[in-house]
Amino acid sequence: MTETQKQNNTDWATRGAYWVKTAPEGASTTDDLNQILIGLAGIEPGDKVLDIASGAGDPAISIALKVGPQGSVTAFDANPEMLDGARNRAEKMDLSNIGFEVGRMEALPFDADSFDAVTCRFGLMSAEDPVSALEGARHVLKAGKKAAYMTHGSRAKNTLFSVLRPAVLAFLGEEDDGGVERRYRFSEEGSLETVFKAAGFTNIEEREAAKTVIKEKGDRFWQTMLVRGFGARIEGFEEARMEALHGSLEKAFEPYLNGDQYELLSTDMAARGTA
Ligand SMILES: C[S@@+](CC[C@H](N)C(=O)[O-])C[C@H]1O[C@@H](n2cnc3c(N)ncnc32)[C@H](O)[C@@H]1O
């Protein structure tokens with residue numbers, strides 16, 4: 001494992017606990033994105049699906065519901081801490097058609113022609129070598145079956161994250177170390193298509209999924225992202241300091257208020273290819 005891979009793994013292992021804390025109780029709170037992947041990958045009831053970089057269970061939980069009792073989904077992730085969230089959700093929902101496996105997407109421990117579909121939501125940006133990770137996905141897919149991947153759109157088209165991060169760093173008095181650039185690695189149009197092509201997929205399609213998210217004034221809608229991104233650094237805050245942090249965030253999001261509602265852009269990129 002290279003130094004970058006080790007650092008990436010450590011990052012995710014540390015963040016795992018905060019993802020578990022903020023994971024939904026059961027069904028996905030971002031199911032609209034999961035349904036895009038399910039549609040692109042052509043997932044049908046009875047299918048056997050691999051979900052790479054499943055984290056706290058998206059889209060694996062939505063896929064388990066779609067494939068039903070005759071089908072199955074393997075939630076696969078490099079960090080067991082992250083999968084705890086997915087496991088809790090599956091237990092709460094009594095889902096018995098979901099399995100969990102720990103491993104790296106660059107070295108998938110499955111036989112060739114094993115799956116009817118492969119999905120991956122917000123994981124490819126973390127790959128050391130995205131093309132070889134995609135080649136691995138193609139290898140474990142049955143011939144003619146599809147892989148569908150989702151990555152984040154550009155900073156300018158993602159209000160929540162692009163406003164939250166600098167505002168929290170300013171509050172903490174910290175410089176941005178640039179590590180977050182990885183998040184936007186496949187945000188440019190055509191960049192997912194390029195790696196799918198290089199990995200040998202055919203019938204490649206790429207699309208942008210953009211929406212405006214509406215939140216009510218007074219709703220601390222940034223809470224989940226705040227905990228996931230900065231949990232370890234703000235956990236010990238006393239109440240007054242935490243309130244001051246929320247006050248700064250309220251101010252930072254003020255320009256996005258239209259009357260009593262926030263209007264936030266949220267954009268992701270999705271691509272599919274056939275094995
Ligand atoms: C941004 S989270 C996405 C989690 C989930 N798919 C979602 O959309 O909420 C990225 C996930 O990728 C996992 N990950 C990072 N590098 C990986 C690798 N090389 N192989 C497999 N999983 C990896 C992390 O542990 C983390 O759970």
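Being a predicted model, the structure only gives us computed values, none of them experimental. Order of appearance sets the numbers: ligands from 1, and atoms from 1 within every ligand. Every heavy atom of this structure was used, including side-chain atoms; hydrogens, water molecules and symmetry mates were not.
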Under 4.0 Å between a side-chain nitrogen and a carboxylate oxygen: does that hold for [X] and [Y]?
X	Y	result
Glu128	Arg104	no
Asp32	Lys211	yes
Asp31	Lys66	no

May I ask which of Asp77, Asn34, Thr30 has a heavy atom nearer to atom 26 (C) of ligand 1 than the others do?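 Comparing heavy atoms across Asp77, Asn34, Thr30, the nearest one to atom 26 (C) of ligand 1 lies in Asp77.
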Any N or O of [X] closer than 3.5 Å to N or O of ligand 1:
X	value
Ala78	yes
Met105	yes
Ala53	yes
Arg121	yes
Ser126	no

Tell me the contacting part of Glu106 for ligand 1: side chain, backbone, both, or neither, using a 4.0 Å heavy-atom threshold, strictly below. side chain
Record the part of Cys120 in heavy-atom contact with ligand 1 below 4.0 Å; permitted values are side chain, backbone, both and neither.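 No part of Cys120 comes within reach of ligand 1.
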Taking C-beta and beyond as the side chain, do [X] and [Y] meet within less than 4.5 Å on heavy atoms?
X	Y	answer
Phe161	Arg155	no
Glu250	Trp222	yes
Arg185	Thr151	no

Non-hydrogen atoms of Ala60 versus ligand 1: any pair closer than 4.0 Å?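 No.
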Just to check, does Ala56 reach to within less than 4.0 Å of ligand 1 when the distance is taken from its heavy atoms?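 No; Ala56 lies far enough from ligand 1 that no heavy-atom distance drops under 4.0 Å.
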Checking the side chain of Asp116 only, and the main-chain atoms of Asp47 only, is there a donor and an acceptor separated by less than 3.5 Å?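 Between the backbone of Asp47 and the side chain of Asp116 there is no qualifying donor-acceptor contact (under 3.5 Å).
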Check whether the side chains of Thr267 and Asn158 place a donor and an acceptor atom closer than 3.5 Å, and report yes or no.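 Judged by distance alone, the side chains do not pair up.
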List ligand 1 atoms under 4.0 Å from Arg104, heavy atoms only on the residue side.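 Atoms satisfying the 4.0 Å criterion: 19 (N), 20 (N).
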